[in-house]
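What you see is a predicted model, and the numbers here were worked out from it, not measured in a lab. Hydrogens, waters and symmetry mates play no part in the numbers below; they use all other heavy atoms, side chains included. Here, residue 1 is the first one in the sequence, and each next residue gets the next number.
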Amino acid sequence: MKKIANRKVNIIIAAVVVVAFILVMLLRSGVFDSSPAVEVKADNCYDRTLHVITDADYSPYSFYAEDGSFSGYDVELITIIANRLHMNLDLRLMNWNDAIGAMNAEEADLLMTCDYSDSFAGVDLLMKSLPTSDDEFIVYSAREVRSVDDLYGKRIAIMKNGNVTPVVERLGLKEYCRQYDDNRTAMQALAAGEADFVIVRQAVGITLLKELDISGVDGYFSAGQSLMCYGIRDPGLKKMIDDVIVELRMSGEMERLREKWLTTFVRPYTFREVVENNLWIVFIFIVLLVLSLGAIYKSRMREAREKEEQAAKDLELNRKLEQALATAETASQYKTEFLFNMSHDIRTPMNAIMGYTDIGLRYADDPDMAKDNFRKIKTAGGHLLSLINDILEMSRIESGNLVLNEAPCDVRLSVASVEHMSKALAISKDIDFEAVMGDIPNPYIYADELHMNEILINLVSNAVKYTRNGGWVRYELRQLGGVEDGKVVYRFEIKDSGIGMTEEFQQHLFEAFTREENAAVSKTEGSG
């Protein structure tokens, strides 16, 4: 489940990267940008006042915002200029033709959104400032327009006394033009089918199409370039304004205003333009996408590899389970044989105990006979107790309850006690039994003496048991090296002249309840 979750996380990350890239590109394109606002306010705390008039419906250059305030590129620019000149700003927005009349009546010092080609109603006598912006006069139509040739003989809508007038005159289109009070009305006439074309500045045309929600109309080609400026009466004022315009251009403020009002607000960047202008974002996106896809691919490859490994493990596990089942069946068989053998082993000393007890009872008045019987009973009882201890010890080991009780002890005494318990049996079989103790510089240890002795007794007693009468058994202890990390290593070595075991059987030496001969028919009792 964790692997599946990791894969899902990688896929989600890749999807998030793609979605984030698209959102960033859209944000950078400006499609989500709301209408900008004039960020600069007029100081209006000076002795002199700059009187300015302009068109009230000329978005994005000058227009009324939704809250009724003045807005647009020229509105913000002239506010900055007035503050730089330390002049109060008296700005009035009105119908363009009214603005021309007011300017001719000398009601203002400056007329905004003029063009270098303007020559109408005496306004051509005004001095032109340095260019404040540039644009193109675009032909808008509901059908495709391939060249200016398609305009002749058609109905062309233009604004009365607008900056486009010199353009249509230059192209010889004046006789086909129908004049409207403003660009908005001209565009509505095109949408209503009253005109075939509208010629207007590109920024104004795009804004009107969005505001009027006109579809099926597009701009096709440029009818001429437009350099916009301010019309100014006073030469001194023109010089001051030109100086501020130069400062604003050099500082980048003019470019910032153009970007704000005339680019992203009017026409969002195309995807190609956004990519070209934001190559670093594209690079980061490609890197993140490659990393995400690489993580997904790596995750899938890892899952495939893990599936293969798991299949191999399952196959190996099945093989081990089959082996374990076979081993368990063999162990069950061995235990059955063990119980059979142990019952035979227990029966022998029990018969001896019962027999010697009967004899003892019959000869209770004979002290020598009684002592001899008691010794034999004790020997048989000790052997029986040893068999029972073997059974109990095996049960503890299999149940996992065997506990080691480590305590201080002298390893030399352990060797001696094993020698004493084993020597009597060796003597009874006329076996030459020798216990040898080498140099033991560190005899005192912590160990489970009982279990250590039990192991040694089993080994030594087996050596005596499987050695024929008259043979030999050697029991030896040596210390290997000194003390390291609080531990010491001893070597216990038991050698005998007994029957031994074949090299083949040595492979089964540590399997439970196994002997080279079947215990049920062997001459030597034991469970293996």
Side-chain angles (χ1 to χ4, degrees), residues 53-63 94-105 111-126 128 131 133-212 214-231 266:
I53 54 178
T54 189
D55 193 344
D57 190 15
Y58 208 61
S59 176
Y61 295 97
S62 56
F63 59 95
M94 60 186 70
N95 177 274
W96 177 247
N97 289 288
D98 293 340
I100 292 174
M103 196 68 189
N104 286 330
L111 176 64
M112 292 197 297
T113 62
C114 292
D115 191 280
Y116 273 89
S117 62
D118 282 345
S119 57
F120 44 82
V123 180
D124 56 316
L125 300 178
L126 296 175
K128 309 295 193 307
S133 64
D134 62 275
D135 204 342
E136 292 182 289
F137 288 106
I138 299 296
V139 177
Y140 287 88
S141 174
R143 60 177 182 269
E144 183 179 1
V145 180
R146 291 169 295 181
S147 70
V148 71
D149 298 342
D150 295 334
L151 305 183
Y152 291 93
K154 304 297 189 302
R155 299 169 298 174
I156 303 172
I158 63 172
M159 186 175 73
K160 182 180 179 181
N161 290 327
N163 304 134
V164 72
T165 301
V167 175
V168 296
E169 290 177 348
R170 212 166 36 242
L171 295 174
L173 297 171
K174 185 176 181 180
E175 61 178 300
Y176 308 115
C177 291
R178 297 182 180 184
Q179 298 190 27
Y180 293 85
D181 289 338
D182 50 49
N183 288 310
R184 182 180 296 271
T185 308
M187 190 65 77
Q188 288 173 333
L190 173 64
E194 299 173 6
D196 300 310
F197 308 103
V198 168
I199 302 178
V200 67
R201 281 195 176 100
Q202 184 178 40
V204 177
I206 294 174
T207 305
L208 283 174
L209 290 177
K210 289 193 297 185
E211 289 182 1
L212 297 173
I214 297 175
S215 60
V217 173
D218 201 356
Y220 285 95
F221 71 95
S222 173
Q225 190 72 19
S226 171
L227 281 177
M228 300 180 68
C229 60
Y230 296 153
V266 174

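- Counting heavy atoms from C-beta outward, Phe63 and Thr207 have side chains that stay 4.5 Å or more apart.
- Expressed to the nearest 0.5 Å, how far CG of Asn97 lies from CE of Met159 amounts to 7.0 Å.
- In this structure the side chain of Gln188 reaches within 4.5 angstrom of the side chain of Leu212, judged on heavy atoms.
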Might you work through the side chain to side chain contact (heavy atoms under 4.5 Å, CB included) test for Asp55 and Asp182, ending with a clear yes or no?
CA-CA 9 Å; Asp55 193 344; Asp182 50 49; 5.6 Å; no

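- The aromatic rings of Tyr58 and Trp96 sit parallel, their planes meeting at an angle under 30°, below the 60° perpendicular limit.
- We find the CD-CZ distance between Gln225 and Phe137 to be 9.5 Å, quoted to the nearest 0.5 Å.
- Leu126 is not listed as a side-chain neighbour of Tyr230, based on a closest heavy-atom distance of 4.5 Å or more.
- Distance check, rounded to the nearest 0.5 Å: CG of Asp57 to CG of Leu208 gives 6.5 Å.
- The existence of a salt bridge linking Glu194 and Arg178 is excluded, since no basic side-chain nitrogen approaches an acidic carboxylate oxygen closer than 4.0 Å.
- For the pair Phe197/Leu190, no side-chain contact is recorded, criterion being any heavy-atom separation below 4.5 Å from C-beta on.
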Please evaluate residues Asn183 and Met187 with respect to the criterion side chain to side chain contact (heavy atoms under 4.5 Å, CB included), reporting the C-alpha separation (whole Å), side-chain torsions for both, the decisive distance (0.1 Å), and the verdict.
CA-CA 6 Å; Asn183 288 310; Met187 190 65 77; over 6 Å; no

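- Taking a cutoff of 4.0 Å between a charged side-chain nitrogen and a carboxylate oxygen, Arg201 and Asp135 do not qualify as a salt bridge.
- We find the CG-CG distance between Asp196 and Leu151 to be 9.5 Å, quoted to the nearest 0.5 Å.
- Taking the side chain as every heavy atom from C-beta outward, Thr165 and Asn161 never approach each other to under 4.5 Å.
- Not one N or O on the side chain of Tyr220 forms a donor-acceptor pair closer than 3.5 Å with the backbone of Ser147.
- In terms of heavy-atom proximity, Tyr116 sits nearest to Cys229 at CE1-CB, 3.8 Å.
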